[in-house]
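Remarks on the structure that follows.
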Amino acid sequence: MADLDPWLAATLLLPIAMLAACGFARARARIPDLLWLVPLPALFTAVVAPDGAELVLPAARLGLGLSFRLDRVGAMLLGAAALLWLLAGVYARAGLRRTPGAAAFAIWWLLTMLGNLGVFLAHDMVTFYLFFTIASLAAYGLIVHDQSAPARRAGRVYVAFTLISEAMLLAGFVLLAAATPQHGIGIDEVVDALAQSPWRGTTMALLITAFALKIGLVPLHAWMPLAYSAAPIAAASVLSGAAVKAGVIGLIRFLPFAAPPPHWGQALAAAGLVSAFYGVGAGLFRANPKTVLAYSSVSQMGVLATVLGMGLMAANRHTAIIAAFYATHHVLVKGSLFLALGIAASRGWRLWVVAALALGLAGLPLTGGALAKAAIKLPLSDGAIGLIADLSAVASAILMFHFLRCLVCAPDAEPAPPATRLRRRAWLLLALACVAVPAALFPRLELMTWGEIFGPKPLWDAAWPILVGGLVTLARQSFYDRLPVRRAGAELGVDHALLLISRRFGDAVVAIDQHLRQWPTAALMFVGLVLVLAGALLMR
Amino acid sequence: MTSALAFDLALAALVLAIATLTIAAREAMSAVISFIAYGLLLSLAWVRLRAPDVALTEAAIGAGVTGLLLLGAAATIGDRQAGAAPPLALMLAAGLACALVASGLAATTLVLLPEPAPTLAPPAMASLATTGLGNPVTAVLFVYRALDTLLEKVVLVLALLGVWSLAPDRVWGGVARLGPDAPPRAMLVFLAQLLPPVGMVIAIYMFWTGADHPGGAFQGGAILAAMWLIVLTARLADMPATSHPGLRLLVLAGPMLFAAIGFAGWALADAFLAYPEGYAKPLIILAEAGLTLSIAATLACLVAGPATRTPPP
Amino acid sequence: MTIFAACAALLMGLGLFGLITNPQPLRKIVAFNILGSGVFLLFGIVARRGAAAGVGADPVPQALVITGIVVAFAATAMAVALLLRLFADRGDTRLDHESAAGTEPARDDCRPP
Amino acid sequence: MTDAASQSVLPVLGIMLPATGMLLMLLVGGRYVEWLALILLPAGLAVAAAIFAAVWREGHTLIYVVGGWQPPLGIALRADGLSAAMMLVTAVIICATGLFAGPQFSQPRGRPERRAPLVFWTLLLAIWAALNAVVVGADLFNLYVALELLTFAAVPLVALTGGTETIEAALRYLLFALLGSVSYLIGTVLLFAAYGTLDIALLSARVRPEPISWIAASLMTIGLIAKTALFPLHLWLPPAHAGAPAPGSAVLSALVVKGSFFLIVRLWFDAMPGLLNLAAAQLLAGLGAAAILLGSILALRQSRLKLLIAYSTVAQVGYLFLIFPLAGAASEPASSIAWTGGWLQLFSHAFAKAAMFMAAGLIAEALGHDRIAELGGIARRLPISTLAFALAGLSLMGVPPSGGFVAKWLLLLASVMQGQWWWAAVILLGGVLAGAYVLIVVGKALAPAGAAAAPTAPVSRRREVVALTVALGAVLLGLVPLQPSELLQIGRLDVHALAAR
């Protein structure tokens with residue numbers, strides 16, 4: 001069966017089966033313990049399934065169905081995400097045991113995972129939209145898990161952003177289909193047909209905005225610090241590490257690298273640059289390590305958007321794989337940094353591991369981050385842009401030093417339950433993967449040789465931003481106490497204002513409705529409509 | 001022709017005046033009373049429009065039974081506060097809108113209708129012979145458009161079910177209360193003894209003649225219902241309980257008989273609700289007989305309303 | 001016939017006005033009946049216009065009116081029964097209770113912290 | 001209508017089987033009512049399936065001339081592709097509702113007859129007969145009688161629980177529906193006066209674009225809109241649909257409001273093809289758009305679950321009216337796409353809304369209330385009902401694979417292709433708002449129970465499974481192809497040929 005890869009099928013069926021099992025009370029109690037098992041088939045798929053493995057559900061032959069395909073880009077992200085889901089699942093297990101909301105958490109977890117894994121495999125727009133939506137909506141449950149006021153607020157903001165992103169995505173997809181012969185929905189064919197689309201500009205705008213919302217490009221990032229600060233550590237880890245990559249894979253899949261329309265590359269790159277620096281700037285004023293990491297995500301996704309934008313400008317097909325590689329590293333490193341917050345990593349040798357991971361984001365030599373930075377240097381290598389890339393590395397380094405400082409100074413973000421040995425091992429494994437996975441994948445990219453990485457010049461190139469960052473941090477030390485530290489997402493007082501406005505608006509609508517539903521008004525409206533409709537019909 | 005015109009003019013003016021009175025009356029009771037007068041006058045208009053069948057129906061059901069129903073309701077509710085009248089601006093807007101609608105409809109009927117008017121009278125008359133009936137309206141009701149009539153009987157039964165369903169749970173299947181609790185007046189009792197035999201004769205005549213002359217099941221049924229209601233109001237007989245199998249059979253026999261004849265037509269003649277050659281008239285009279293009784297029972301029960309007392313043991 | 005056509009249109013307008021503006025449901029029901037009889041009269045005019053083949057009025061619209069009158073009566077009966085039940089339960093016959101109290105104020109959990 | 005058509009008595013059976021069944025139920029009463037329902041529901045489903053199969057297989061309309069009297073004098077019944085699909089969906093939902101309502105409305109053995117069961121089962125069958133009469137009716141006055149049948153069956157269903165609010169809601173519903181009926185009747189008599197026929201097929205050949213047609217059509221359309229509860233004529237719907245018992249709400253929201261909508265489409269697409277001009281089509285869809293946006297916002301603002309669902313119906317009905325500008329224009333294939341999308345929206349909403357009301361009914365039964373703020377922990381106690389609600393909600397939001405998604409996709413595609421992007425914006429915004437109100441409920445249901453959570457009453461597992469199955473029906477509808485359906489075109493007039501005439 002050429003079109004039915006068993007691993008691929010198992011990747012999706014296992015989470016679904018687990019979800020189905022949640023319908024039974026006895027099974028439901030056991031599910032939280034088994035969460036970590038669920039991404040195993042996905043991990044195998046990513047490792048063993050051949051490039052181009054396909055899965056087409058039978059219904060697809062009738063018309064609408066779901067079709068999946070694994071390629072190198074998808075496999076990298078799928079593997080990294082599955083690994084993170086697995087280890088974060090191990091981590092979550094300890095905290096969930098016999099807590100009242102465990103089953104609900106497990107359901108949201110499984111749904112988010114299902115959506116997240118599926119989105120890397122989707123081969124047509126409907127499938128993509130399905131899994132993208134599942135992951136996005138289910139993440140709401142993870143964010144509001146502890147039902148505290150900040151969590152509910154974060155959930156509300158997140159849902160607003162997500163639903164708007166979904167709507168824009170759907171609009172973009174419909175425009176893509178409308179421009180495709182026979183209104184096909186295969187991702188390859190619609191992206192090819194985009195060049196001839198009469199709505200090319202609108203389509204690009206909708207898709208880029210939708211995915212930018214998902215990856216939190218400034219100014220569409222407002223939900224991200226709130227959500228990651230409010231979510232439990234395990235959830236924040238998978239959301240920031242894995243779930244956000246749905247937006248990255250979206251950009252990779254749907255940007256027309258082969259025949260890019262003018263200006264969109266510049267726009268995306270510019271937005272990415274703004275995000276890259278804004279994230280750092282904003283993160284420096286936060287004290288909560290979770291919030292700092294969230295802003296780091298804003299910044300890192302900005303870097304990624306810049307890479308994709310530059311690739312689009314240059315019509316460089318390789319951009320996809322490079323961006324995927326960078327994202328793969330980010331999956332693992334951001335996931336493990338979040339998990340570090342719950343295992344008392346602020347002391348002893350573990351602090352050094354955290355430091356290596358954190359500075360890896362700035363390209364610390366001999367880490368996975370250095371490879372990731374090296375890979376994206378290619379599209380970013382020319383002149384002024386190269387300088388900006390270096391500056392971004394410096395900025396990342398400064399932010400990460402700040403994070404380390406917050407980690408050391410702040411008490412554990414989630415003191416109870418105590419860090420178990422299992423949790424620490426899971427975390428350590430993940431930290432190892434941050435080096436091992438990029439190292440294993442890097443040669444396959446065939447971008448450059450190890451020699452080009454380990455030469456003295458490249459090592460120096462990677463190291464000096466860290467040194468500069470460290471020096472700046474030391475210099476900053478003296479001001480530290482004077483700096484105003486802001487609460488997570490405080491600049492988002494806007495959401496209160498918006499909430500108030502929408503509440504006013506809602507009240508107005510309710511008032512209108514009550515008025516319209518009075519008998520004389522409604523009956524008069526009836527007569528009025530008869531007259532208006534007759535008038536409209538007579539108007540020829 | 002001018003005297004006829006003058007009569008029509010006077011009639012129309014009177015109808016409109018009484019209608020205005022009905023709408024504008026201060027008290028519910030006077031509105032209902034003028035509505036009954038309005039209905040009776042309107043049946044005169046129907047006579048003028050050469051529609052005696054409709055005139056009879058309007059008088060019997062539109063004015064008669066409806067009037068009884070509304071009288072009862074008005075007597076119970078009276079003019080108790082039902083919310084304020086809408087603000088003046090809304091009244092004005094409503095007046096304007098209704099004036100627009102009325103003038104639009106008047107213009108439509110007076111100006112836009114085609115000449116010569118399309119009519120189905122020729123085919124209806126041409127086929128009349130095959131039905132054996134003399135009254136084309138009855139032919140339309142029971143032959144050409146029998147499905148409408150059948151469904152409308154179902155509507156009537158459904159309305160009765162709807163009314164019955166408003167009984168509180170504890171008195172379900174009980175007896176409907178009719179009229180005031182006070183003992184009936186002697187005059188009413190006298191009337192209730194005098195009228196029903198006459199009414200029944202008229203009703204039977206109406207239904208019987210309906211095949212060939214104006215009249216039929218509706219009108220006959222309505223008169224029977226009225227007679228029954230008089231008897232009930234005068235306490236000469238008791239309303240049967242709504243769970244009484246006999247009452248339910250009475251209500252349902254007509255529609256079910258009609259449906260059975262329809263299905264028999266499917267089996268024996270060519271089509272559902274077709275009548276076998278030569279048997280049309282007897283079958284229609286049979287159906288009408290059943291329907292007259294059922295209509296009488298249904299209308300009376302509709303006027304009597306839902307049960308208010310528990311069924312007798 | 002022209003007279004009755006105008007009469008029918010005016011009756012419909014009158015009935016409609018009563019139906020819209022009268023706050024008392026019983027009066028609304030009466031107004032509905034006037035509106036309905038106006039419509040039926042329109043059928044009568046159409047029937048009369050269709051006089052042909054030796055009959056004074058087209059029998060088809062006449063039959064439709066008879067059906068219509070019965071349906072209107074059924075509607076009246078149901079409305080009156082509902083009204084009487086409402087009156088028995090509540091002692092008044094206002095129809096705007098629900099719209100005044102149906103939509104409750106905002107939920108607590110949506111209030112900004 | 002297309003020339004090819006075959007005589008079949010099935011449409012008559014579709015009406016008369018439930019109608020006579022209903023009369024029989026009233027006659028026998030008591031416990032026999034449920035036994036009769038047990039026979040009649042599958043029989044009616046079989047008739048609907050047979051009609052569907054016949055139309056599907058033969059590819060043309062089934063016609064029955066009642067009593068052998070050809071229109072215009074007589075009455076014909078016609079089952080085209082659309083009627084067949086409507087009948088099947090109706091039958092499935094009615095049967096599911098019957099299964100769901102079984103335990104709730106059963107007569108105790110050896111005790112006097114109870115009110116609610118007898119009334120419920122008879123009304124269920126009456127609604128079924130009426131809906132079938134509406135979808136196969138081909139005569140405007142016959143359709144009027146069918147509509148009244150539908151109204152008179154729906155109103156007592158609203159008042160079935162007997163609460164004062166429901167009585168008031170039923171009275172408002174009845175009075176407003178009567179206003180709609182009268183308006184429809186005026187249009188009918190005007191058309192008869194102008195063209196001498198009430199038969200839809202004959203009318204479509206005779207009707208001319210002239211003022212009397214437009215006046216008649218506007219009266220009929222607005223009258224039907226009042227019965228469909230399209231904004232701003234929705235005054236009666238929320239209290240009526242929220243006040244009825246759960247199986248009643250399911251049928252009312254899923255099917256009854258669609259009956260009158262179906263007739264609006266019959267009127268404009270079959271009886272008066274090509275007469276709907278741009279301005280009027282935009283007006284109708286504009287009302288639909290207002291319904292989508294304001295209905296969804298109002299749904300968001302409700303504090304009671306059943307009212308939220310009822311307002312969601314107000315919103316979802318709005319989508320149906322987008323069919324007029326999108327499918328009415330002569331621009332293939334966009335208009336066929338919109339046609340399929342519109343009907344799919346109707347079908348999938350029928351399933352989704354029925355499932356939602358069933359689930360909400362079970363939740364209310366378990367908790368003793370349906371206040372959204374206090375739903376915490378219900379997912380633990382009624383996981384199946386919560387899942388049913390969530391799946392139905394996903395269809396309303398338009399998440400694939402669900403009928404709601406395919407419907408929205410096709411409607412969006414059609415509006416983009418016709419350059420009427422404003423409808424696309426409305427559809428998308430409606431999806432966002434639907435997502436918000438569904439997520440609020442599901443989020444609350446999955447949240448842990450509050451400290452003051454009341455003990456829950458037990459709920460029948462079978463009824464939960466019925467609700468879930470109906471919700472799965474909405475999901476399964478998403479497996480139809482993403483393209484115009486041929487079935488729904490069977491028996492349709494060739495509008496564009498007529499427009500060119």
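All chains are named by letter (A, B, ...) in the order of the sequence lines, taking the proteins before the strands, and each is independently numbered beginning at 1. No experiment lies behind these values; they were computed from the predicted model shown. We use all heavy atoms of the structure for the numbers below, so side chains are in, but hydrogens, waters and symmetry mates are not.
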Chain C shares the most heavy-atom pairs under 4.5 Å, among B:Pro306, B:Ala117, B:Ala106, with B:Ala117

So do B:Arg145 and C:Thr67 actually touch side chain to side chain, heavy atoms under 4.5 Å? no

Pairwise side-chain contact, B:Leu42 with C:Phe40, heavy-atom cut-off 4.5 Å (strictly under): no

Measure across C:Gly13 and B:Ala102 and return the closest heavy-atom pair with its distance rounded to 0.1 Å. CA-CB, 4.0 Å

Toward chain B, the part of C:Ala52 with a non-hydrogen atom under 4.5 Å: both

Please classify the contact between C:Val55 and chain B as side chain, backbone, both or neither, with a heavy-atom cut-off of under 4.5 Å. side chain

Cut-off 4.5 Å, heavy atoms of chain C, and the answer for B:Ala24 is backbone

Taking every non-hydrogen pair under 4.5 Å, which of B:Val155, B:Asp148, B:Thr20, B:Thr149 racks up the most with chain C? B:Thr20

Part of C:Val70 within contact of chain B (heavy atom distance under 4.5 Å): both

Looking at B:Cys98, B:Ala124, B:Pro136, B:Ala222, which makes the most heavy-atom pairs under 4.5 Å with chain C? B:Cys98

Under 4.5 Å from any heavy atom of chain C, what part of B:Leu113 do you find: side chain, backbone, both or neither? both

Please identify, among C:Gly54, C:Ala31, C:Gly50, the residue contributing the most non-hydrogen atom pairs under 4.5 Å to chain B. C:Gly50

Please tell me if the side chains of B:Tyr38 and C:Leu11 come closer than 4.5 Å, counting only heavy atoms from C-beta onward. yes

Heavy-atom pairs under 4.5 Å with chain B - which of C:Ala51, C:Ser37, C:Ala6 has more of them than the others? C:Ser37

Rounded at 0.5 Å granularity, tell me how far CG in B:Leu92 sits from OG1 in C:Thr21. 11.0 Å

Using a cut-off of under 4.5 Å for heavy-atom pairs, which of B:Gly162, B:Gly39, B:Ala51 has the most such pairs with chain C? B:Ala51

Is chain B contacted by the side chain of C:Met78, its backbone, both, or neither, given a heavy-atom distance below 4.5 Å? both

Tell me, for B:Ala19 versus chain C, whether the close heavy atoms (under 4.5 Å) come from the side chain, the backbone, both or neither. both

Contacting region of C:Val60 [heavy-atom separation from chain B under 4.5 Å]: both

Select one option (side chain, backbone, both, neither) describing which atoms of B:Ala25 are under 4.5 Å from chain C's heavy atoms. both

Give the C-alpha distance, both sets of side-chain angles, the deciding distance and a yes or no for side chain to side chain contact (heavy atoms under 4.5 Å, CB included) between C:Val65 and B:Glu58. CA-CA 9 Å; C:Val65 170; B:Glu58 174 67 35; over 6 Å; no

So which residue, C:Leu16, C:Val46, C:Ile69, C:Ile20, ends up with the most heavy-atom pairs under 4.5 Å with chain B? C:Ile69

Heavy-atom pair of closest approach, residues B:Arg50 and C:Arg48: CG-NE, 3.6 Å

Identify which part of C:Phe4 has an atom lying under 4.5 Å from any heavy atom of chain B, answering side chain, backbone, both or neither. side chain

Sort B:Met125 into side chain, backbone, both or neither according to what part of it lies under 4.5 angstrom from a heavy atom of chain C. side chain

With a 4.5 Å heavy-atom cut-off, do C:Ile45 and B:Thr109 have their side chains touching? no

Evaluate the side-chain proximity of C:Leu41 to B:Leu49: yes if any heavy-atom separation is below 4.5 Å, no if none is. yes

Per-residue tally against chain B (heavy atom, under 4.5 Å) across C:Leu10, C:Thr2, C:Leu14, C:Ile29 peaks at C:Leu14

Point-to-point distance, once rounded to the nearest 0.5 Å, from CG of C:Leu84 to CG of B:Leu166: 9.5 Å

Please answer whether the main-chain N or O of B:Val163 pairs with a side-chain N or O of C:Arg85 as donor and acceptor at a distance below 3.5 Å. no

Identify which part of C:Leu64 has an atom lying under 4.5 Å from any heavy atom of chain B, answering side chain, backbone, both or neither. side chain

Please identify, among C:Cys7, C:Ala5, C:Gly38, the residue contributing the most non-hydrogen atom pairs under 4.5 Å to chain B. C:Cys7

If one checks every heavy atom of B:Leu110 against chain C at 4.5 Å, the contacting part turns out to be side chain

B:Ala12 to C:Ile3 - nearest heavy-atom pair and separation: CB-CG2, 3.4 Å

Minimum side-chain heavy-atom gap B:Glu115-C:Arg49 below 4.5 Å: yes

Where C:Gln62 and B:Val137 come nearest, the two heavy atoms and their spacing: OE1-CG2, 3.6 Å

Which bit of B:Pro87 is near chain C, if near means a heavy-atom gap under 4.5 Å: side chain, backbone, both or neither? neither

Top contributor to chain C contacts, counting heavy-atom pairs under 4.5 Å, from B:Leu156, B:Leu158, B:Leu105, B:Leu141: B:Leu141

Does a side-chain heavy-atom distance below 4.5 Å link C:Phe73 with B:Leu302? yes

Which one, C:Val71, C:Asn33, C:Leu19, leads in non-hydrogen pairs under 4.5 Å with chain B? C:Asn33

B:Phe218 to C:Ile66 - nearest heavy-atom pair and separation: CD1-CG2, 3.4 Å

Which atom of B:Leu69 lies closest to which atom of C:Ala77, heavy atoms considered: CD2-CA, 3.3 Å

